[in-house]
Each structure stands twice: as structure tokens, then as C-alpha cells.
Amino acid sequence: MQGGLVAFPTETVYGLGADAASRAAVAKIYEAKGRPSSHPVIVHIAKPEDMAAWCQDIPDQVWALARAFWPGPLTLILKRHVAVDASVSGGQDTIGVRCPSHPVAQALLIKFAELKAAAGQPRAGVAAPSANRFGRVSPTQADHVRTEFASMWPDGLLVLDGGDSEVGIESTIVDLSGVQNGLSPALLRPGAISLEALQSVLGCPVTGHTAQSPRVSGSLKAHYAPFTPLILCVEHKLEDCVRDWLDTHEGNVAVLLRSDRQLPLDRVHLIRMPMMPAAYARALYATLRRVDESGVSVVIAEQVPDEPDWMGVRDRMNRAAAAFEGNSSQT
Ligand code: TXA
Ligand code: MG
């Protein structure tokens, strides 16, 4: 890495990594993504114990979460260690840490920690946001990353290819930075690790996003958006919704649906999505990217169930739809 950037696979999405201890390296991430420097990035670590180099005042409950879910798709927001430069956390006094499970990410992190240790620098971590331009959908394949940054680095960015991301949406984020001051843990971003699973390990309620919660760029209303406008529609109104759109617009429509219903309409490309939430999450971003490439004018997607296991997917789809002004989602 040596002060540069490397894109690497994780089980959630691909990350754009840099030495988290180097202010200059972290600045390159912000520049490449076009991301405001006030937005914090996650520090990826090789093993749970490495948390202590980046965080302080770690509540006991955090170790229980780490034992239950790391390595894996969970990010913890904790108090930033006083010796850690604030550039990685967008100037905030908290820091996001995650220990990913993907074998390529693990190999990268372990090797990086060895190199750092050999150089007498025990604090080893890779700062990595999702490897997409600010506000766009995250990449779940190496090719997505290459496409995303092709104009910026025509000669190529170093992308470690680890195949398709297994989870497909970004990690669950839980804020525990206020626990020692009596605040409840808060879910800042839903993901593959459910609220119920977190609560059962913590043995206490986990609240939603509150006014006291730290800023999360992924919690901006319009985030994770494809280029093609996305409209969400309840299943039983889907056909009416598609017909209405066709009656009033030119161009083609992509329709994302889980049911096996037919839509015998011209100018409609049906895309069958998986029935189960984990498989749907795995397919979602790659599908939205394919829709962007297909040249359709709009994508109309069947709403996914309002059930705990669907929380992560619903969150991403609601945000993607919210990115298009004047696009009222038909609930
Ligand atoms: O699955 C993932 O988390 C992927 C892979 C690469 O690990 N990373 C990812 O990073 O999604 P990014 O930067 O695209 O999203 C991380 C989110 C952002 O919304 C950021 O604001 C939030 O984590 N975050 C990071 N540090 C934080 C902090 N100290 N306080 C509050 N939010 C934080
Ligand atoms: Mg992101």
C-alpha cells in the first residue's frame, strides 16, 4: 500500500483502502471518492484485539459483539483513541472499526500488520469506504470498481479480485460510543446482522438513529443511488404503476420483481429477483448497475417485505429511490 490506494474485496462490498494511520493516504481516499472530508471512514483490522489500538474506553459489551460477529459484516462505532489522527473519522471523536471475513481482505490486513510491525509501527489498520464514487451504489465485483474509477485512473487502480461479494450490501453499523455515558447502543445502518441478533448478544435494546447519533454519510436520505431513476411500488399496484409510467413517458422500463407474475406489456424488461433476503441483497447492486448499462429510462421495483430480515435491503432501496427528486414512491 505504501501511502497509496488499493481496492480489495470484503464479504459485504469492495473497499477502497489506504493506510489508516497516514493522514496523506486517507486524504487520497477522500479525493478519489469525491467525498466530503467531514465524512468518517471505517478502519479495517485483522483481528478483534487490534481494536484497542484505534479505540479507547471500550465497553465490555463490545467484546461480546466482536466474539459473536467478527470476522464479519459488522462495524462498531467507538471512542477514537486519543493518539489516532482525526482525519480518519472526519474530525469526530468516534471511530468506526470492522474486522472483515473475506479471505483476501484478511490476507491483506494480516500482511499489512506484519509490515507495520516490522517497521516498528504497531497501529495497523486499513481505512476503507466502499470503492465507489460518493453517493453511488457500492461495488460487489472487481469490475464494478474498475468501471467506477476508469476515468480517474485510465492506467488502472490496483484492484484485488476476490469474486462476487457474498453479502452484497454494506455492513451493519452499531454505535456504542455513548454506552459508557448511559446511552443505548444505536443502529446507524441496517445490514446482514439483524437488530434481533445484536440485541440478543448485547442483552439490551438497540435504538434506531437518534439526534445524538454521529453523522453517517450512508444515512443521508439520498444515498446508494443508481443513475437510472428508481420507483418503488407495492406488489398489488405494480402493473398499474408500470402502465401509468408507460402511458406518460417514452423509453423502456426495467421491472424488478420477486413474484413469478407476468407483465405482458411492451417496452418492459422483467428482471426476476430472489425471494429470500440474503440472496436479494447479494444481487441488488449488480442488478442496479446492469440496469444503468441497459439504457432503460426508469426502474420500477416491487417493494420488499416490511420484515426484520429485509431491513437492510429495504433501507438501501428506499434511499436509492429517494435520490430522485419528485419521484414519489408508491407505497
Ligand atoms: O461493509 C462496509 O462497511 C464497507 C466495506 C468496504 O467494509 N464499507 C463501507 O464504507 O460501507 P463507507 O465509507 O461507504 O460507509 C461507512 C459508513 C459511512 O456512512 C460512515 O459515515 C460511517 O460508516 N462511519 C464510519 N465511521 C464513523 C464514525 N466514527 N461515526 C459515525 N459513522 C461512521
Ligand atoms: Mg459507501
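All ligand and atom numbering here is 1-based and tracks the order in the structure. For this chain, numbers begin at 1 and follow the sequence in order.
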Within 6.0 Å of CG in Asp247, more than 12 heavy atoms from elsewhere: yes
Shortest heavy-atom approach to atom 8 (N) of ligand 1 - which of Ser130, Cys55, Ser138, Gly168: Ser130
Residues Glu170 and Arg316 bridged, charged N to O under 4.0 Å: yes
Enumerated ligand 1 atoms positioned under 4.0 Å from heavy atoms of Ser171: 1 (O), 2 (C), 3 (O)
Residue part near ligand 1, for Ile77, under 4.0 Å between non-hydrogen atoms: side chain
Closest to atom 4 (C) of ligand 1 (judged by heavy-atom distance), picking from Val13, Asn132, Thr10: Val13
CZ (Arg133) with more than 12 external heavy atoms under 6.0 Å: yes
Test of proximity, Glu170 against ligand 1: N or O pairs below 3.5 Å: no
Cationic tip of Arg136 above Tyr285 ring, under 6.0 Å, 45° of axis: no
Arg289 with Glu293: basic N within carboxylate O range, under 4.0 Å: no
Ligand 1-proximal atoms of His44, by part, heavy-atom distance under 4.0 Å: side chain
Metal check, the Mg ion (ligand 2) vs Ser130 N/O/S, cut-off below 2.8 Å: yes
Structural part of His102 in contact with ligand 1, heavy atom criterion under 4.0 angstrom: neither
Atom indices of ligand 1 within 4.0 angstrom of Thr12 heavy atoms, with elements: 1 (O), 2 (C), 4 (C), 5 (C)
Polar proximity ligand 1 side, Arg35 side, N/O cut 3.5 Å exclusive: yes
Parallel, tilted or perpendicular: rings of His39 and Phe134 (30°, 60°): tilted
Any His39 heavy atom less than 4.0 Å from ligand 1: no
Atoms of ligand 1 close to Gly15 [distance to a heavy atom under 4.0 angstrom, numbered from 1]: 6 (C)
Note, Leu65 side chain near Leu202 side chain (heavy atom, < 4.5 Å): yes
Distance filter under 4.0 Å to Arg189 heavy atoms, resulting ligand 1 atoms: 2 (C), 3 (O), 9 (C), 11 (O), 15 (O), 16 (C), 17 (C)
Under 3.5 Å: N/O of Thr94 near N/O of ligand 1: yes
Element-labelled atoms of ligand 1 that are located less than 4.0 Å from some non-hydrogen atom of Ile95: 29 (N)
Validation row: Trp63, Met51 side chains within 4.5 angstrom (heavy atoms): yes
Within reach of ligand 1, part of Ile173 (heavy-atom separation under 4.0 Å): side chain
Heteroatom distance test (Gln92, ligand 1): nitrogen or oxygen, under 3.5 angstrom: no
Glu307 atom CD, over 12 foreign heavy atoms within 6.0 Å: yes
Short N-O contact, Asp240 and Arg243, less than 4.0 angstrom: no
Atoms in ligand 1 with a heavy atom of Gly96 nearer than 4.0 Å: 26 (N), 29 (N)
Arg23 bridged to Asp85 by N-O distance under 4.0 Å: yes
